[in-house]
Amino acid sequence: MSSFRFKNPDEKPGYGEEDSNFESAISSSFVYNPNMSLDLQSQRNKLPITKHRNEVLYLCEKFQTLILVGSTGSGKSTQVSQMLLDSGLCQCDKSIVITEPRKISAITLATRVAQEQKTNLGQLVGYSVRFDNCSQPSTKIKYITEGILLNEMMSNPLLVNYSVIILDEIHERSLMTDILMGLIKKVLKKRPTLRLIILSATLDSSQLKSYFNLNQSNDPANDTATVLGIEGRSYPTKIYYIKDPTPNYVDESINTVLKIQQGGTLGDILVFLTGKEEIMQAVNTLDDYNVKNPNEKIKLLPIPMHGTLTNDEQLKAFRPAPRGYRKVVFSTNVAETSVTISGIVYVIDCGFVKLKWFNSKFGADSLITVPISKASAVQRAGRAGRERPGKVYRLYTKEAYQNLINATPPEMMRSDLTDVTLQLKAIYINNVLRFPFLSPPPAKNLLYAMEMLKALEAIDKFGNLTDSFGTIMAELPLPAKHSRILLKSAEMGCSSEIISILAMLQLQDAFVRPKYGATIQKAKIQHRNFEVAEGDLLTLLNIYNGFEKNQYSQQWCHRFFINHNELCKARKIRSHLIDLMRTSKIPLKSCKGNTRIIIKSIASGLFKNAAYLHYTGVYRSVGLDEDLYFHPKSVLNYVNQPQWVLYDELLETTKTYIKNLVEITPSLLLEVAPHYFATPTLQNR
DNA sequence: GAGCACTGC
């Protein structure tokens, strides 16, 4: 093991160290609550926000928009709504709505607030998320996910049911929050009595303030937006930087864990790495260490934490370590935003993150590893010291920290905007280029979105939604290309099969893929029962049909190594789609397994995503001459190698992978999309 | 042989 590479904080005061109280934001679920033993009212009285009650109410009355900056633990997500309700500030026939980026936050917050208000959930206080509406028209405080509010705006653009809109977790800058902010800014101009409260954990509030300030004069007395800062609630945290840059942060993180271990002080460790592979590697290394050092007084207990783990596997990270063990959680960015693990005293931060970045040239996402932002570094550090003083080890130099960008570019600037553009058009935001974006996306991305929508015939050459497709496509909870497949399949008479496929495409993975031992092969053999030469999408249909035929049985799923939870989700999505089709008068028809028709309707939505087998033996994309590789999960890796395929998704990681494939013939492309294909392109191949 | 930050309608 190499020597300790961090500067001793006592070595040179003021260098290599920082004392600070972190204003850390965490998702509202699983928040550590040091006052758990107190009764509800005493707990509420102890929250930092309670001291600011009069200020909040006064500012809400005086200003149309209030930007409230404060860390979690300040109580802003649960208390602000109740303050407004209790004060009677909200008009009697209207309610208060709070948006959350994740379902789990909306549900847990509503549950908590209902308890505090001493009512049953779903009456005075409720929530609404996809597939789960627990509210009534009389509900006064409603926690909802962001997408629900956007959906409500389609039928009610001025949101007249609400007197106060609270947007939570704004610092995350999700695609949805940015869209909502732009839309609500317009609503504020038309409804002067509406109040907007923005809850954010970061300190960069000046940009938000000027964005929402509708004051046209030079007199600040007429400002319509203001900022209020709330102190957080945490212990001091010491920060250590590495002396020299490390060539391998995974190894370095292990060294640091062992140094903490040698230091002897107790406390769990949270290590931030970028991906599953790194995490597995780190966990294995610590396992080896345990085998070689069986006599440690306190044993290290390595635990992986990432999004693709099952719920049971994730729970391990939340359980306290058994006596004689110290938890070492190796995590991706999930632990920065989505989940909070209690008991963390030490944080080790590798300084990198994997980000999805949309590339308008390929019309696809790249997954790239980039240095984190300062805001992220602060956020990660804030995971230590929530329950007692903590220590943070940054696996980068102080100089590197100072050179980090302030904040991660918002999703809006690095996402495919096709679906968002379609939704905006449905709420009469026709000129998307002139939408008041807080962070304007690259013009290229907007142009790509329009071209895409035009190719899918959702908009006409003037950019207006088409009557035939556009209006309905915007209302379906599907990606635009999938909505088109559905509408086409209804014309062709196979919509029943297509909705099964589209529902299955929304799952993470329908197959259970064991990680160890003989079951790996067993699972693969069972999966062969569903795999067909036509490709992945038809394989998905086979799985769903089997599931349906066997009465959605758990035993059946178990036998064939199919993920029962995921399949149940597909069933739910499918029946939701059937409901929507009924209201939109889209016929539900089965082609009785006629694969030719099914593939034809798929092609009518994915025609842009064609690839052919080049004579070099690699697949090439049509038009881009980019080498493409079948994703390792594709069944076409071992079923056959067709001349032409369509893909649902293209993802650039170490190679350019195409996912969810269907075998096709080039003539089919001309048949389904004559409006798109310049014939010579295909004939020249 | 090789791959998957995270959400959501």
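Proteins come first, then strands; the chains are lettered A, B, ... in the order of their sequence lines, and each starts at number 1.
No hydrogens or angles were tested; on distance alone, a donor-acceptor pair under 3.5 Å links the side chain of K524(A) to the base of dG1(B).
Side-chain nitrogen and oxygen atoms of T145(A) include none within less than 4.0 Å of the OP1 or OP2 phosphate oxygen of dT7(B). Contact between the side-chain N/O atoms of T653(A) and the OP1/OP2 oxygens of dC4(B) is found at a separation under 4.0 Å. Within the 4.0 Å cut-off from OP1 or OP2 of dG3(B), at least one side-chain nitrogen or oxygen of T654(A) is found.
For K356(A), whose side chain is taken as the heavy atoms from C-beta onward, the closest listed nucleotide among dA5(B), dG8(B), dC4(B) is dA5(B). Proximity note for N637(A) (side chain, C-beta onward) versus dT7(B), dC4(B), dG1(B): the nearest is dG1(B). Proximity note for R130(A) (side chain, C-beta onward) versus dC4(B), dC9(B), dA5(B): the nearest is dC9(B). Considering only side-chain atoms of L367(A), the nucleotide from dC9(B), dA5(B), dT7(B) that sits closest is dA5(B). In this structure, the nucleotide among dA5(B), dG3(B), dT7(B) sitting nearest to the side chain of Y657(A) is dG3(B). Here the nucleotide nearest the side chain of K354(A), chosen from dG8(B), dG3(B), dA5(B), is dA5(B).
Listed by first and then second residue, the side chain to side chain donor-acceptor pair (under 3.5 Å) pairs involving residues 417-428 of chain A are D416(A)-T418(A), K425(A)-N430(A) (not counting sequence neighbours).
Comparing Q506(A) and R414(A) along DNA chain B, the residue whose closest nucleotide (by nearest heavy atom) sits nearer the 5' end is R414(A).
Contact annotation for V353(A): no contact, since no heavy-atom pair falls under 4.0 Å across all strands. At a threshold of 4.0 angstrom between heavy atoms, the contacts of N333(A) with the nucleic acid are absent. Here S174(A) lies out of heavy-atom contact (under 4.0 Å) with every strand. Among the atoms of the strands shown, only primed sugar atoms or phosphate atoms (P, OP1, OP2) are found under 4.0 Å from some heavy atom of H306(A). Looking at heavy-atom distances under 4.0 Å, K633(A) makes contact with a base. Within 4.0 Å (heavy atoms only), L150(A) reaches no atom of the nucleic acid at all.
Between the CZ atom of R102(A) and the C1' atom of dA5(B) there is a distance of 12 Å, given to the nearest Å. One can place CE of M412(A) at 15 Å from C1' of dT7(B), the figure rounded to the nearest angstrom. Look at NZ on K103(A): it is 8 Å from C1' on dG8(B), rounded to the nearest Å. Going from atom CD of E411(A) over to atom P of dC9(B) covers 14 Å, rounded to whole Å. The nearest whole Å value for the distance from the CZ atom in R173(A) to the P atom in dA5(B) is 24 Å. Between the P atom of dT7(B) and the CG atom of L167(A) lies a distance of 21 Å, rounded to the nearest Å. Per the geometry, CG belonging to L502(A) stands 17 Å off C1' belonging to dG8(B), to the nearest Å. Rounding to whole angstrom units, NE2 of residue H482(A) and P of dC9(B) are separated by 17 Å.
Evaluation of the salt bridge (charged side-chain N to carboxylate O under 4.0 Å, His left out) rule for D536(A) yields no partner, not counting sequence neighbours.
Between the side chains of E152(A) and Y162(A), at least one donor-acceptor pair of N or O atoms lies under 3.5 Å. When only modelled atom types and interatomic distance are considered, D627(A) and H614(A) share no side-chain donor-acceptor pair under 3.5 Å. Side-chain contact, S439(A) with R173(A): a donor N or O sits under 3.5 Å from an acceptor N or O.
Applying side chain to side chain contact (heavy atoms under 4.5 Å, CB included) to V328(A) and the options V283(A), L270(A), V257(A), I254(A) leaves one that passes, V257(A).
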